[in-house]
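Just so you know, these numbers use all the heavy atoms, side chains as well, and skip hydrogens, waters and symmetry mates.
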Amino acid sequence: MNPHHEGSSRYGLDEVNISFLDKNKTAPLIISPRWNDTLEFICVWLETNRSWVENQILRYGAVLVRGFQVDSASDFERATLSLQPALSDTYRGTSPRSLKDPTKYAFSAADAPVNYPIAQHLEMSFLKAPPRQLYFGCLKASRCTGGETALCDFRKVFQDLPSELRKKLASQKIKYTRKHQKVGEKYTFDVGAMLGWPKLFGTSDPREVDSICLAEDAPKPRWVGPNKDVFLQEWVDEPFQKHPETGEDVWFNHSQVFHWTTFPAEMWYSFCRIRDWRLLIHFIVVTVFTVIKYGILRCKMALNTTFGDGSPITFKEMNQIRAAIHKNMVFSRWEKGDIMCIDNFSTSHGRQPTTDKGRTVIVAWSQPHDKRQPIERGPESIRKAFAVEFQPVSKGVEAPPDLVESPDVSPFSTLTNEEAINLQESMAANKMILGHKLAAVAASSKNIRFNSEKGISHHTRIPSCPELLHRDSDFWKAVQ
């Protein structure tokens, strides 16, 4: 019997499941269907519970909406607009992207080859006004290892940087040199060089580009090269920013992305995690190419970063930055229909390389926000976002701490005490059924083995598996 009844709120918090990838409750918080997995339901639910979801994005850095019927770019855009009605279609980043027909706001996440790693970064952090939030959607997951869109808490990165390096960065700042040809390069390991300035600004007229930069309060471009058709900008920016709502210090720059050692270093990290020999070969080729082009010939990347005085960020210093980032990274496998909602002012994203060319991930983003300006929400709304105390659902039943705050239209639970007890008994009865279903999956997967005596399955850990699949996770304990 479906415990959902006519008297309950159709779009309350008790209509979905709330969970995490691991027992440490790190990002992302996961929202999955309890009874209804339709696109119509999740769109209305996100709109109804918008303030609660926004608070969870602020608190955890990312929220993953998983298990609903999001099958196309249009479905993704519709669901995203339900949560964030004010999306933007203005892109001033560095990765080549393509708009997905027939949408207005859904773009390919990156048109760079899928075996290229993309280092962790806050989207367009080098602009004065980056997007406040990002939304990634998975239309087709990678069928092999790699391909994750990993996350990282850049507040923790700030804290984990060596104090001497942090002081040096705060004193000297970061200098950006951005250069785009009229036609982007096709055969390069520099993703930023793939994007030509006419595609970036939507015009091939340099005068219009000058006007756009002026209107967006961006650094004034210079036009260089023999034909004066090469776009060049230079500016100095802060390496850290205060989070506009919480006031926390955040690592807020692109130096780890646009340093000449980044591509081979990220390839090496990926190989060490996945152990795919193809990544090792790619690493060797890229390293030789990079050392010759940037180390010996002293060529510059399309978007090059140095200290504010123009002195280079050394290999040792960049490795210290990378160590702080990789220490705090979280990996989870994409599933078809996933929507990842990210606080772009605290939580970074990046792409792990894969050999599956069919992997399809798309992205949308909110309106920009001046990174120097705080957002006034008031202490009460901040307290709600980080509340952790328990609240009763019904007699003898308690809600997990993640559900303690919700808008008035979303009660903690609408089940009576008797219904709550019946639901618990029903879930207990379904454990054996779940065990048999897991056995069927185990029989067809070389990564899963089944324990017939206990009636449960154990998922053999591989480096690219999410924490949810560890045999000692809360999920597997719940079905034993």
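- K371 NZ to L127 CG: the interatomic distance, rounded to the nearest 0.5 Å, is 7.0 Å.
- Note: W251 CH2 to I325 CD1 = 7.0 Å, rounded to the nearest 0.5 Å.
- Considering OG of S108 and CD1 of I362, their distance stands at 9.5 Å, rounded to 0.5 Å.
- Counting only distance, with no hydrogens or angles, the side chain of D338 and the backbone of E335 share a donor-acceptor pair below 3.5 Å.
- The six-membered or imidazole ring of F41 lies near that of Y11, with a centre-to-centre distance under 6.0 Å.
- Contact between I274 and P353 at its shortest, heavy atoms only, is CD1-O, 4.4 Å.
- Within 6.0 Å of NZ in K336 there are more than 12 heavy atoms belonging to other residues, nucleotides or ligands.
- Within the model, atoms CZ of R333 and CG of L21 stand 13.0 Å from one another, a figure rounded to the nearest 0.5 Å.
- The cationic group of R275 lies under 6.0 Å from the six-membered ring centre of F271 and within 45° of the ring axis, placing it in a cation-pi geometry.
- Of the N and O atoms on the side chains of D111 and S98, at least one donor lies less than 3.5 Å from an acceptor on the other residue.
- Between S348 and Q120, the side chains place a donor N or O and an acceptor N or O closer than 3.5 Å (distance only, hydrogens not considered).
- For the 3.5 Å distance criterion, the side chains of Q256 and H121 fail to qualify, holding no donor opposite an acceptor.
- A donor-acceptor contact shorter than 3.5 Å links the side chain of S366 to the backbone of Q133.
- Under the 3.5 Å distance criterion, the side-chain polar atoms of E148 are left unmatched by any main-chain donor or acceptor of T145.
- Residues W334 and S142 have side chains that never bring a donor and an acceptor to within less than 3.5 angstrom of each other.
- The main-chain N or O of T347 is never found under 3.5 Å from a side-chain atom of D153 such that the two would form a donor-acceptor pair.
- A distance of 8.0 Å separates CG of L39 from OG of S82, quoted to the nearest 0.5 Å.
- Atom-to-atom distance recorded for D190:CG and F258:CZ is 7.0 Å, nearest 0.5 angstrom.
- At distances below 3.5 Å, not a single donor-acceptor pair connects side-chain atoms of T246 with backbone N or O atoms of H243.
- Annotation: cation-pi pair R166/F158 present, NZ/CZ under 6.0 Å from the ring centroid and within 45° of its normal.
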